[in-house]
Number of protein chains: 2
Amino acid sequence: MKITKASDYALRVVGFFATAEKNRYYMRNELSEICSVPDSFLGKILQHLVKSGILESERGKKGGFRLSKNPEDITLYDIIRSVEGEIVINECLVEGNACKISGNCKIHNVLDQVRCNLINELKKVNVSNLV
Amino acid sequence: MKITKASDYALRVVGFFATAEKNRYYMRNELSEICSVPDSFLGKILQHLVKSGILESERGKKGGFRLSKNPEDITLYDIIRSVEGEIVINECLVEGNACKISGNCKIHNVLDQVRCNLINELKKVNVSNLV
DNA sequence: ATATTTTAAGATAAAAAAACTCTTTTTTAA
DNA sequence: TTAAAAAAGAGTTTTTTTATCTTAAAATAT
Ligand code: SF4
Ligand code: SF4
């Protein structure tokens, strides 16, 4: 019942961008230093964030990463979702992985509700709330 | 961001007890069969549930497991807490594991809030709500 | 008392997931 | 055309989850 380290790292980086110089590109190794995230691992995380449209990147000299939208428009949910996929709380909540009892399992229904509430909580907080 | 299989198994077993014959002892292998949980693994899970006072056990012939309190007085939180320890959402929220930034980290504070809400959600649902 | 049935406890093993690295390719700017 | 940067993906290590096995202890029936 925990977010992964990758998620925490992603939150740190995106959180940093909210305070950082607008529009400037930051290189992976700069971000690694600033946010205390292992450089190579950060590579993968940044790729996820780019792919889901939270960051944008530019290759080559003068390249790097920067926010691709306003901090107000990025929620904690977006970031966690981006690096670890959909939040499910329990395996049976993901399409196709239902256990044989799923149909009328009250636990299933309750956990689904808990998941909705959790996701809504995470959607309530945006990156500008982190400065 | 998921509960463990052990938690789901525990929920199934305790959920079953809510519908089962009151006061009767059920053996580990009966419960294993009924709830589709690997027998040996269930042993460990039942031990946790006994240790935290959700179930009570009796050894020897006529022995087994049964609820040690009313279904109304057992919450989903109690069960999950029993088998996987305190819910923390992020490592830095557990005493002594704070990262160097913890002191004034907004992410930390927000996740702590999310954790509280999640725990409260889980406390709202009791086992009798599962029948 | 003794055999039998059952949980308790803990060590250990296997499997899966998370955390992290490395290498090669592609893109860009100077 | 060269140097610097990210992209992509394979590969490794570590940690956690999941599960089993073995031995001990307790309770009961005979
Ligand atoms: S028992 Fe219920 S909650 Fe657990 S996996 Fe099956 S459907 Fe989901
Ligand atoms: S950066 Fe903030 S949230 Fe992440 S581990 Fe450190 S204190 Fe916790």
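Throughout, a chain's letter reflects where its sequence line sits, starting with A, and its residues are numbered from 1.
- In this structure, the nucleotide among dA7(D), dC22(C), dA29(D) sitting nearest to the side chain of K61(B) is dA29(D).
- Straight-line distance from the CZ atom of F65(B) to the P atom of dT5(C): 17 Å, rounded to whole Å.
- Whole-Å rounding puts the R59(B) CZ to dA27(D) P distance at 7 Å.
- At a threshold of 4.0 angstrom between heavy atoms, the contacts of T4(B) are confined to the sugar-phosphate backbone, with no base atom among them.
- Taking atom CD1 of I45(B) as the reference point, atom P of dT7(C) lies 14 Å away to the nearest angstrom.
- If you measure from atom NZ of K5(B) to atom P of dT20(D), you get 13 Å, rounded to the nearest angstrom.
- Around atom CD of E33(A), no more than 12 heavy atoms belonging to other residues, nucleotides or ligands sit under 6.0 Å away.
- A donor atom on one side chain and an acceptor atom on the other are not found under 3.5 Å apart for S32(A) and N29(A).
- For the pair F41(A) CZ and dT15(D) P, the computed distance is 14 Å after rounding to whole Å.
- S57(B) OG to L46(B) CG: the interatomic distance, rounded to the nearest 0.5 Å, is 9.0 Å.
- At the heavy-atom level, Y9(A) lies under 4.0 Å from the strands shown only through sugar-phosphate atoms.
- Comparing K44(B) and P38(A), the nucleotide of DNA chain C nearest to each residue sits closer to the 5' end for K44(B).
- Using a cutoff of 4.0 Å between basic side-chain nitrogens and carboxylate oxygens, R115(B) and E121(A) are not scored as salt-bridged.
- Nearest-nucleotide positions on DNA chain C for N29(B) and I3(A) put N29(B) closer to the 5' end.
- Judged by distance alone with a 3.5 Å cut-off, a donor-acceptor contact links the side chain of Q47(B) to the base of dA9(C).
- Using a 4.0 Å heavy-atom cutoff across all strands shown, G64(A) reaches sugar-phosphate atoms only and no base atom.
- A side-chain donor from one of D8(A) and N90(B) sits under 3.5 Å from a side-chain acceptor of the other.
- At whole-Å resolution of the value, NE2 in H48(B) and P in dT7(C) are 17 Å apart.
- A straight line from CG of L46(A) to C1' of dA6(D) spans 9 Å, rounded to a whole angstrom.
- Atom OH of Y25(B) is separated from atom P of dA26(D) by 16 Å (rounded to the nearest Å).
- Judged by distance alone with a 3.5 Å cut-off, no donor-acceptor contact links the side chain of R28(B) to the base of dT7(C).
- The 5' end of DNA chain D is approached more closely, in terms of each residue's nearest nucleotide, by G63(A) than by the other of G63(A) and M1(A).
- At dA5(D), none of the side-chain N or O atoms of S57(A) fall inside 4.0 Å of OP1 or OP2 (strictly under the cut-off).
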